[in-house]
Amino acid sequence: MKKLFLLLAAVGICVVATAQNKQKAQSVIFETDMGNDIDDAMALDLLFKYADMGKINLLGVGVHKNNPHSAEYIDIMRVWYGYKKVPIGVNTSCVTDMDCVDYCTKVCDLKDKNGEPLFARSKNPKYEEAVEMYRRILSKQPDKSVVIATVGFSTTIDALLKSGPDKYSNLTGMELVEKKVEFFSIMAGEFVIKDFAEYNVNNNVPAAKNFFENSPVPMVFIPWTLGDQIQYPGSSIANDFAWAPANPMVEGYKAYMQMPYDRPTWDVISAFYACHPDHKAFTLSNKGEVKVVGKGVTEWTDNPNGRYQILVPDEAQRQQILDYFVEILTTKPKKMK
């Protein structure tokens with residue numbers, strides 16, 4: 001009887017441990033301007049790898065690049081990585097440039113030796129309006145359970161905060177974010193170089209200004225300098241992906257600039273922090289507040305009661321982050337098509 005009791009107890013512990021592991025998976029939404037820089041694709045690769053590991057639930061991907069091929073490229077990635085049910089939300093107010101040619105366009109147009117599309121994609125993809133997708137997803141989540149990694153302009157998040165009650169929730173966007181979101185991991189701004197108007201802020205200053213000054217939840221900033229200090233090696237892209245004859249992230253990297261080249265990892269860091277904020281490679285600044293002035297310059301003010309922090313890893317930690325990226329991004333996806 002004693003042995004039976006111990007066996008049952010052990011089984012019970014395993015069941016509880018399994019349930020706890022499932023509960024630890026972080027819920028993440030990824031907001032991107034896919035196509036403007038290749039680190040967006042690398043960040044999405046990282047998120048799919050974390051989903052493979054069972055460490056996150058990727059609830060959705062929002063895109064606000066003014067290129068219809070951006071959503072198509074994300075669709076190619078979700079199909080190739082085996083996550084075709086992950087919803088894509090498109091900010092249709094941004095999708096206007098039908099003649100835009102970036103790496104998304106180039107990868108979508110790639111053909112195999114028979115003249116067929118090189119990468120599979122959804123037959124009849126249904127993209128939601130981005131703000132509606134956010135509201136639908138957030139309304140169904142437990143309180144303070146979602147992390148949003150936003151690595152492009154503030155356009156969609158600003159619209160979300162300004163949204164009103166709808167069929168998914170009677171809360172305003174501000175109230176819904178405050179209730180459901182734990183924090184934002186945001187690639188934006190610069191706090192070392194004086195009078196530097198960082199790209200993501202500069203491209204929609206009013207949206208960034210409203211977002212940064214009125215976010216109802218904390219934000220961790222990945223500034224321009226940090227991403228520039230951690231450059232992914234082009235040699236890895238050229239040599240470490242032989243396990244796949246064609247990889248949409250790798251093909252995007254090759255199409256973005258003339259190979260070989262190293263590239264800053266701004267957005268990859270943001271995705272990494274969203275998934276694993278307790279990683280030993282991360283150090284945060286003191287708390288403070290961020291203000292947008294002029295044509296997109298971000299100003300930092302220390303405030304012990306502030307809502308925001310900046311990611312400030314030291315040199316050794318930055319090397320750890322780079323080594324980790326090379327390890328994870330070069331790993332073969334579990335569900336690869």
Side-chain angles (χ1 to χ4, degrees), residues 31-33 36-40 42-43 46 147-155 157-158 183-215 217-234 257 261-326:
E31 178 64 30
T32 173
D33 59 331
N36 283 330
D37 206 310
I38 193 56
D39 57 330
D40 295 75
M42 298 166 73
L46 184 79
V147 174
I148 298 177
T150 175
V151 300
F153 315 152
S154 300
T155 307
I157 302 300
D158 175 54
F183 67 90
F184 288 100
S185 176
I186 176 170
M187 191 285 116
E190 172 51 37
F191 307 100
V192 175
I193 303 174
K194 186 177 176 60
D195 298 325
F196 186 94
E198 188 272 321
Y199 181 81
N200 285 343
V201 179
N202 176 257
N203 271 277
N204 195 333
V205 173
K209 183 177 178 62
N210 180 63
F211 178 26
F212 297 177
E213 294 182 8
N214 296 295
S215 172
V217 299
M219 281 199 277
V220 173
F221 283 81
I222 287 75
W224 187 90
T225 296
L226 177 57
D228 191 54
Q229 290 171 332
I230 304 175
Q231 302 242 351
Y232 195 87
M257 291 176 62
Y261 68 95
D262 299 344
R263 195 62 188 160
T265 56
W266 300 289
D267 299 353
V268 200
I269 301 169
S270 181
F272 182 21
Y273 187 82
C275 297
H276 202 346
D278 59 346
H279 195 279
K280 63 182 179 180
F282 295 138
T283 298
L284 295 176
S285 70
N286 294 328
K287 292 183 177 180
E289 294 293 323
V290 175
K291 185 177 182 180
V292 179
V293 298
K295 295 183 179 180
V297 174
T298 43
E299 293 183 347
W300 174 267
T301 303
D302 280 325
N303 181 344
N305 299 314
R307 300 164 294 169
Y308 308 144
Q309 291 177 282
I310 305 169
L311 197 61
V312 289
D314 61 25
E315 183 176 356
Q317 289 176 312
R318 294 196 297 271
Q319 186 61 51
Q320 288 179 344
I321 292 172
L322 178 57
D323 292 344
Y324 186 77
F325 287 165
V326 173

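For this chain, numbers begin at 1 and follow the sequence in order. Since the model is a prediction, treat every value here as computed from it, not as a measurement.
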_Contacts of Phe212 that satisfy ring-ring contact (aromatic ring centres under 6.0 Å, His included) - sequence neighbours left out_ = Phe221
Do you know which two heavy atoms are closest between [X] and [Y], and how far apart they sit?
| X | Y | answer |
| --- | --- | --- |
| Tyr308 | Pro218 | CD2-C, 4.3 Å |
| Gly152 | Asp33 | CA-OD1, 3.5 Å |
| Pro277 | Phe282 | O-CD1, 3.8 Å |

Hey, does the side chain of [X] reach the backbone of [Y] with a donor-acceptor pair shorter than 3.5 angstrom?
| X | Y | value |
| --- | --- | --- |
| Thr265 | Tyr232 | no |
| Asn214 | Asn210 | yes |
| Gln319 | Ala316 | no |
| Ser270 | Ser185 | yes |
| Glu31 | Thr150 | no |
| Arg307 | Met219 | no |
| Asn204 | Ala207 | yes |

With heavy-atom distances below 4.5 Å as the criterion, would you say the side chains of [X] and [Y] are in contact?
| X | Y | result |
| --- | --- | --- |
| Trp224 | Tyr199 | no |
| Leu311 | Phe272 | no |
| Ile269 | Asp39 | no |
| Phe191 | Thr225 | no |
| Ile310 | Leu284 | no |
| Ile321 | Pro313 | yes |

From [X] atom [atom1] to [Y] atom [atom2], the distance as rounded to the nearest 0.5 Å:
| X | Y | atom1 | atom2 | value |
| --- | --- | --- | --- | --- |
| Asp40 | Asp267 | CG | CG | 4.0 Å |
| Met187 | Tyr273 | CE | OH | 15.5 Å |
| Ile157 | Ile148 | CD1 | CD1 | 5.0 Å |
| Phe325 | Met42 | CZ | CE | 8.0 Å |
| Phe183 | Gln309 | CZ | CD | 10.5 Å |
| Leu226 | Arg318 | CG | CZ | 7.5 Å |

For residues 290-300, tabulate all N or O donor-acceptor pairs below 3.5 Å that involve a side-chain atom, not counting sequence neighbours.
from: Thr298; atom 1: OG1; to: Glu190; atom 2: N; distance (Å): 3.0
from: Thr298; atom 1: OG1; to: Glu190; atom 2: O; distance (Å): 3.0
from: Trp300; atom 1: NE1; to: Asp302; atom 2: OD1; distance (Å): 3.0

*Please assess Trp266 against Val151 for the test side chain to side chain contact (heavy atoms under 4.5 Å, CB included), listing each intermediate value before the final yes or no.*
CA-CA 8 Å; Trp266 300 289; Val151 300; over 6 Å; no
*Go through the structure and list residues passing salt bridge (Lys or Arg N to Asp or Glu O under 4.0 Å) with Asp37, not counting sequence neighbours.*
Arg263
*With side chain to side chain contact (heavy atoms under 4.5 Å, CB included) as the test, would you mind laying out the steps for Asp278 and His276 before giving the verdict?*
CA-CA 5 Å; Asp278 59 346; His276 202 346; 2.5 Å; yes
*asked:* If we count only N and O atoms by modelled type, under 3.5 Å, do the side chains of Asp228 and Gln231 hold a donor and an acceptor together?
replied: yes
